[in-house]
Colleague: 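Got a structure for you, questions after.
Below, all heavy atoms of this structure are taken into account, side chains as well, without hydrogens, waters or symmetry copies. All ligand and atom numbering here is 1-based and tracks the order in the structure.
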Amino acid sequence: MSEPLVIVGNGMAAARLVDELTKVAQGRYAIAVIGDEPRLAYNRVLLSSVLAGETASHDIELRPANWWRDRGVTLKYGCVATEIDVGRRELKIANEESIAFSRLILATGSTPLRLNVPGADLAGVHTFRDSRDVDLLLTLAARKKRVVVVGGGLLGLEAAYGLAKAGAPVTLIHLMERLMERQLDAPAADLLKSLVERKGINILLNANTARIHGETRVEGVELADGRRIEADAVIFAAGIRPNVALAKEAGISVNRGVVVDDCLQTGAPDIFARGECAEHRGICYGLVEPAYEQARVLARHLAGGAARYGGSVVATNLKVSGVSVFSAGDFMSGEGREAIVLSDARGGTYKKLVIAEGRLTGAVLVGDTADALWYLELIRNREPIARIRAGMMFGRSLALPAEAA
Ligand SMILES: Cc1cc2nc3c(=O)[nH]c(=O)nc-3n(C[C@H](O)[C@H](O)[C@H](O)COP(=O)(O)OP(=O)(O)OC[C@H]3O[C@@H](n4cnc5c(N)ncnc54)[C@H](O)[C@@H]3O)c2cc1C
């Protein structure tokens, strides 16, 4: 008889795990997925395209209903899991129902942070995480509401771009002195800023949100240095917090995320966590690729194999506000490192490759990211680059002409 395996969360991590698991352990588990969003799992990354009007909301579903049915998966969506009874191996869901499990997988993702400033609870303050948020933001844009987006990371830039494209006047405010400071060095961030500003988005850096003004609704944002921006709505896109409450209340060890070992196992027997809610070797990843790598490992482990997860080399490879951006590895210059840089601000291209001990250790690309995956491979494989060094900056086809031909 199949063992009951329950996944909490019907997001990207859950969908990929079902995919991997049904390939390597077909029939071994009777899988149930409990998700609180009222729709089939979808590609959250593409919410930015939906907001920008480039993709329809119904086109971002990861798998159609019959895909889940064909794999025998019981899907409960629009349904919150409220409690784990570790001893009895039962999961309670909001309508008081309990589901028994032999294995439980937490894939509960994250929640956007709301800044703790006066006015943060006014009507007109929103976040950007799920398809309900996107519907709301599109309504704001259609009414030409003046929007302030708080946060100059990937999410904030995507929110600003989508809103501006949909017709809203947008100001993006960022606490730090440059955009995407964790992924980009200063020249790359400067170039990105000017390319985004060309799309009509007003960007304020070194901008610390002090309060949101308004009686009952948002009327403006005041910065710590006294600047004030008139606004009808504020979107917080200044970080995320892993959803750990379910694990914590069950007595499972949590830190920032749910703590897991190299088998993605939590401190409780047969309870695993992965994706954005998990913390592995002190790291909570906020990207899809690590969640997918974890899915492969966990599926093999659940199938009885000896797979281990050793962490991910994180790369950012995306279109940010319509501009291609890539960064990976250790890309800051420093002692013992050499940097090869190509910078064409007018043409909208910046490339920086960082080399240490004869190997590529990091890369930042803005504008032209055609060779991003090749650079990522070189970083991950730690290949010596002496042979290709002269042409490496100009891409794979020039560095390895014979092979490329
Ligand atoms: C707009 C946007 C753009 C992004 N762009 C990129 C990108 O370009 N590249 C990239 O790598 N990453 C990107 N990300 C991040 C990426 O989407 C996440 O890393 C990924 O979705 C994480 O998958 P997950 O399954 O762990 O979490 P999620 O996809 O968040 O899924 C978790 C699910 O669990 C549900 N849940 C939580 N608690 C419960 C409960 N108690 N009961 C039932 N259900 C519950 C949640 O509602 C959610 O549906 C983006 C994110 C957003 C919001």
Colleague: Heavy-atom contact check, 4.0 Å cutoff: does Cys79 meet ligand 1?
Modeller: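 Contact check Cys79 vs ligand 1: positive.
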Colleague: Would you mind listing every side-chain hydrogen bond (donor to acceptor under 3.5 Å, both in side chains) that reaches into residues 231-255, with sequence neighbours excluded?
Modeller: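 Found Thr111-Asn243, Arg146-Asp232, Asn255-Glu279.
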Colleague: Check each atom of ligand 1 against the heavy atoms of Phe128 and keep those under 4.0 Å away; list them by number with element.
Modeller: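 Numbered from 1, ligand 1 contributes 1 (C), 53 (C).
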Colleague: Near Gly109, which atoms of ligand 1 are under 4.0 Å from a heavy atom of that residue?
Modeller: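 By the 4.0 Å cutoff, the relevant atoms are 26 (O), 27 (O), 30 (O), 32 (C).
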Colleague: Using a heavy-atom cut-off of under 4.0 Å, does the side chain or the backbone of Leu155 touch ligand 1, or both, or neither?
Modeller: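 The answer is the side chain.
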Colleague: Under 4.0 Å, counting heavy atoms only: does Arg129 come that close to any atom of ligand 1?
Modeller: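 Heavy atoms of Arg129 do come under 4.0 Å of ligand 1.
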Colleague: Strictly by modelled atom types, are Tyr350 and Asp190 linked by a side-chain donor-acceptor pair under 3.5 Å?
Modeller: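 Asp190 and Tyr350 do not have a side-chain donor-acceptor pair below 3.5 Å.
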Colleague: Atoms of ligand 1 less than 4.0 Å from Ala13 heavy atoms?
Modeller: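 Counting from 1, the qualifying ligand atoms are 23 (O), 24 (P), 25 (O), 26 (O).
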Colleague: Look only at the side chain of Glu219 and the backbone of His213, and say whether a donor-acceptor pair between them is shorter than 3.5 Å.
Modeller: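 Such a contact is absent between Glu219 side chain and His213 backbone.
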Colleague: Provide the number and element of each atom of ligand 1 under 4.0 Å from a heavy atom of Ser48.
Modeller: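 That gives atoms 1 (C), 3 (C) of ligand 1.
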Colleague: Please verify whether a non-hydrogen atom of Thr82 lies at under 4.0 Å from ligand 1.
Modeller: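 It does not, in that no heavy atom of Thr82 comes within the 4.0 Å cut-off of ligand 1.
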Colleague: For the pair Arg89 and Glu3, find out whether any cationic side-chain nitrogen is under 4.0 Å from an anionic carboxylate oxygen.
Modeller: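 The answer is no: the pair does not qualify as a salt bridge.
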Colleague: So for Ala291, does at least one of its heavy atoms come nearer than 4.0 angstrom to any atom of ligand 1?
Modeller: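 The answer is no: ligand 1 sits nowhere under 4.0 Å from a heavy atom of Ala291.
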Colleague: Can you list the atoms of ligand 1 that are under 4.0 Å from a heavy atom of Ala107?
Modeller: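 Per the distance check, 32 (C), 33 (C), 34 (O).
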Colleague: Checking the side chain of Arg129 only, and the main-chain atoms of Pro112 only, is there a donor and an acceptor separated by less than 3.5 Å?
Modeller: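 The answer is no, because no donor-acceptor pair under 3.5 Å joins these two groups.
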Colleague: Could you tell me whether Asp262 and Arg281 make a salt bridge, using a distance below 4.0 angstrom between a side-chain N and a carboxylate O?
Modeller: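 Looking at Arg281 together with Asp262, the answer is yes, because their closest N to O distance falls below 4.0 Å.
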Colleague: Is it true that the side chains of Tyr42 and Glu37 contain a donor and an acceptor less than 3.5 Å apart?
Modeller: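 Judged by distance alone, the side chains do pair up.
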Colleague: When you look for heavy atoms under 4.0 Å from ligand 1, do you find them on the side chain of Thr316, its backbone, both, or neither?
Modeller: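 No part of Thr316 comes within reach of ligand 1.
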Colleague: If you count the atoms of ligand 1 from 1 in the order shown, which ones are under 4.0 Å from a heavy atom of Gly11?
Modeller: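 It comes down to these atoms of ligand 1: 25 (O), 29 (O), 31 (O), 33 (C).
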Colleague: Would you call Tyr375 and Lys351 a side-chain contact if the rule is heavy atoms closer than 4.5 Å?
Modeller: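 Touching, per the 4.5 Å side-chain cut-off.
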